[in-house]
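Below: the structure, in structure tokens.
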Amino acid sequence: MLLSLPALHLQTSEHHPLFQLPHGRLGPWCSPTGSPAPLSCETGCGEGTWILVCRLLVPTQVSLLSMEEDIDTRKINNSFLRDHSYATEADIISTVEFNHTGELLATGDKGGRVVIFQREQESKNQVHRRGEYNVYSTFQSHEPEFDYLKSLEIEEKINKIRWLPQQNAAYFLLSTNDKTVKLWKVSERDKRPEGYNLKDEEGRLRDPATITTLRVPVLRPMDLMVEATPRRVFANAHTYHINSISVNSDYETYMSADDLRINLWNFEITNQSFNIVDIKPANMEELTEVITAAEFHPHHCNTFVYSSSKGTIRLCDMRASALCDRHTKFFEEPEDPSNRSFFSEIISSISDVKFSHSGRYIMTRDYLTVKVWDLNMENRPIETYQVHDYLRSKLCSLYENDCIFDKFECVWNGSDSVIMTGSYNNFFRMFDRNTKRDVTLEASRENSKPRAILKPRKVCVGGKRRKDEISVDSLDFSKKILHTAWHPSENIIAVAATNNLYIFQDKVN
Amino acid sequence: MFARGLKRKCSEEEAPADPLQRQSLLDMSLVKLQLCHMLAEPNLCRSVLIANTVRQIQEEMTQDGSWCLPRPQTPGRAPRDRLVSTEILCRSARAGPPPAPDPADLASALQTVPAAQAPGVVPGGPWDRAGPGESRGGFPRSLDQVFETLENHGPGAVEELFSDVDASYYDLDAVLTGMVGGAKSGPEGLESFASAAAPPPGTGCKADLGELDHVVEILVET
């Protein structure tokens with residue numbers, strides 16, 4: 001049964017696939033050579049056109065209650081949405097992913113749970129509700145485990161979710177924690193057989209002596225039920241923590257990457273995997289670099305990339321050899337000697353790497369910037385965007401409080417024209433690659449009114465702070481947006497802020 | 001904004017350039033590394049990044065000449081050094097918080113050290129001699145023992161981080177392989193982790209962490 005969350009009513013609007021920022025002054029920008037432009041303190045890009053679609057919160061209590069009928073779920077959800085005290089650590093969202101059509105949106109959390117939202121279908125009666133996402137299915141994907149050999153707990157936190165392209169009525173996704181990948185099948189059941197001969201309606205066995213006639217069971221409609229079943233469990237292949245999974249374009253294989261190794265799996269085979277990258281040194285004392293992210297090329301099933309903690313990206317071709325320890329291409333930007341510090345290496349560590357939908361570019365996220373690379377040019381990125389350069393002077397403090405190790409993700413929009421990534425204070429940033437404009441928006445409970453238009457935010461670096469600006473020292477570093485997702489074809493984005501999932505849509509008049 | 005004020009330790013500019021700040025950064029990094037493998041399952045990426053930072057500082061200190069090879073002050077003291085420091089660090093964590101240093105003392109200690117270092121003075125000066133109690137005058141004795149391996153003998157500890165010597169608490173190999181659960185098995189690994197590995201996960205470790213937290217708090221709040 002579907003759990004319907006309170007509607008935030010949207011007025012009908014023409015849907016325009018193009019994302020357009022209104023004309024305004026140029027925000028902080030980087031020249032293509034990568035040298036940062038000075039941060040502008042002028043008012044940014046004018047009024048934004050992103051509006052809040054819905055804010056979703058699914059704490060444990062709600063999903064349990066949803067199983068009962070005749071409950072005013074709106075009332076319950078309203079109270080949960082308002083009362084922050086229900087948020088627990090287990091509800092912290094750790095991954096967000098749209099499926100290939102954008103109809104479904106999956107989130108994983110620290111408690112090992114997966115929650116899938118489905119887009120509200122367009123209907124004549126409630127046209128304005130199109131674009132909202134409601135809970136479709138909730139299931140416990142991973143449980144906490146204990147490794148008896150090492151006396152260590154294995155966290156159940158879901159590190160990544162990746163959807164498989166839909167090939168039949170059911171949906172398939174991969175979810176992984178630090179050690180184990182699972183393939184889940186999510187399917188709908190809206191009919192059930194009735195009229196068994198040997199069982200009565202409650203399922204109790206009937207005494208065969210009482211049966212005098214035979215009938216053929218028929219399928220009768222029932223309330224829609226969505227069930228999730230684990231179809232494969234891919235375990236015991238990773239000594240270190242899995243940070244990435246990526247489905248290959250052949251739809252038959254996928255890879256899982258941990259700190260030192262990458263394994264290639266066939267979906268049908270769970271007791272074997274091929275090791276395709278191994279950077280573990282013979283003597284662990286010589287370890288200076290780890291794998292931070294990996295992804296398959298969207299079209300070429302033999303090609304994949306992986307990023308490292310030293311800010312490099314390697315592109316490998318599986319046709320070259322079984323063990324892809326020798327890269328085909330090596331992407332690294334020469335270090336800027338004027339910016340060198342003890343933290344240079346840490347902030348160059350790449351936290352996420354994503355191919356563009358076209359397959360021509362890769363995008364990488366390090367601590368302060370997002371970079372776009374052309375696959376044909378290895379010696380430097382073609383574009384560099386400053387996410388929060390005002391933090392450059394705070395690196396020592398950020399090292400002390402460990403924020404410097406935060407792993408931010410980055411995403412492309414459907415047409416590869418806009419890229420998005422998160423920051424602190426519940427800010428997230430979008431960069432339009434064509435117009436060279438950027439915007440900072442905030443995902444916050446205070447702005448959670450229906451159809452609330454997101455106002456662009458601005459961080460003041462120094463000097464006089466304007467009325468709507470926030471100073472660097474006032475930023476809340478516990479509110480970090482690490483995970484975001486962009487609908488594959490429309491301008492709908494999902495932003496995870498702790499245990500809240502915000503869904504925004506662009507509104508064009 | 002930040003949980004622990006860092007104004008005195010690090011200038012709010014670029015990463016530390018002067019030796020005092022560099023030493024503070026080194027201390028902080030070493031503490032982070034130690035805390036690293038006391039946790040249930042340490043983050044390998046984070047540990048590698050911190051270890052690389054420590055190496056970088058060590059290299060720069062070598063070039064500056066502000067770091068010299070560790071010479072055991074008494075014969076045969078070197079190997080015991082490490083064990084002693086391990087013990088002391090964990091003993092002070094378990095036996096309760098060390099007597100809190102007088103804030104006035106700490107403040108004056110920190111302010112006098114840079115003052116004593118005139119701009120022209122070779123940075124290595126105050127750092128490559130003096131016993132544990134001297135360089136940060138005013139520190140109480142017991143807390144100073146905690147600092148023992150992180151200060152003048154700090155560079156020595158850093159070297160041990162990268163040396164091939166077994167049974168070193170700061171052995172990077174041990175630090176990293178400890179995470180992968182006994183890749184380096186045998187008595188050496190166990191010895192070096194005697195205090196760290198001994199408390200079973202979830203019980204003693206967590207209690208120690210709380211007390212160790214207090215120690216670290218004192219370390220970084222000064």
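All of these numbers come straight from a predicted model, not from anything done at the bench. First the proteins, then the strands, lettered A, B, ... as listed; each starts at 1.
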Problem - Cationic N near anionic O, under 4.0 Å, A/K310 to A/E345 - result: no
Exercise for the section: Indicate yes or no: does A/K110 engage A/E89 in a salt bridge with an N to O separation below 4.0 Å. Expected result: yes
Fill in the blank from the handout: Sequence neighbours excluded, the answer for side-chain contact (heavy atoms from CB on, under 4.5 Å) partners of A/L260 is A/Y240, A/D258, A/I279, A/K280, A/M284, A/L287, A/V290, B/L44
Handout entry: Under 4.5 Å from any heavy atom of chain B - which part of A/T292
Key = side chain
Problem - Ionic contact status for A/K394 with A/D473, cut-off 4.0 Å - result: yes
Fill in the blank from the handout: When the 4.5 angstrom heavy-atom criterion is applied to A/E289 and chain B, the contacting part is backbone
Completion exercise
Under 4.5 Å to a heavy atom of chain B? For A/D178 that would be neither
Fill in the blank from the handout: Turns out that what part of A/T288 lies under 4.5 Å from chain B's heavy atoms comes down to both
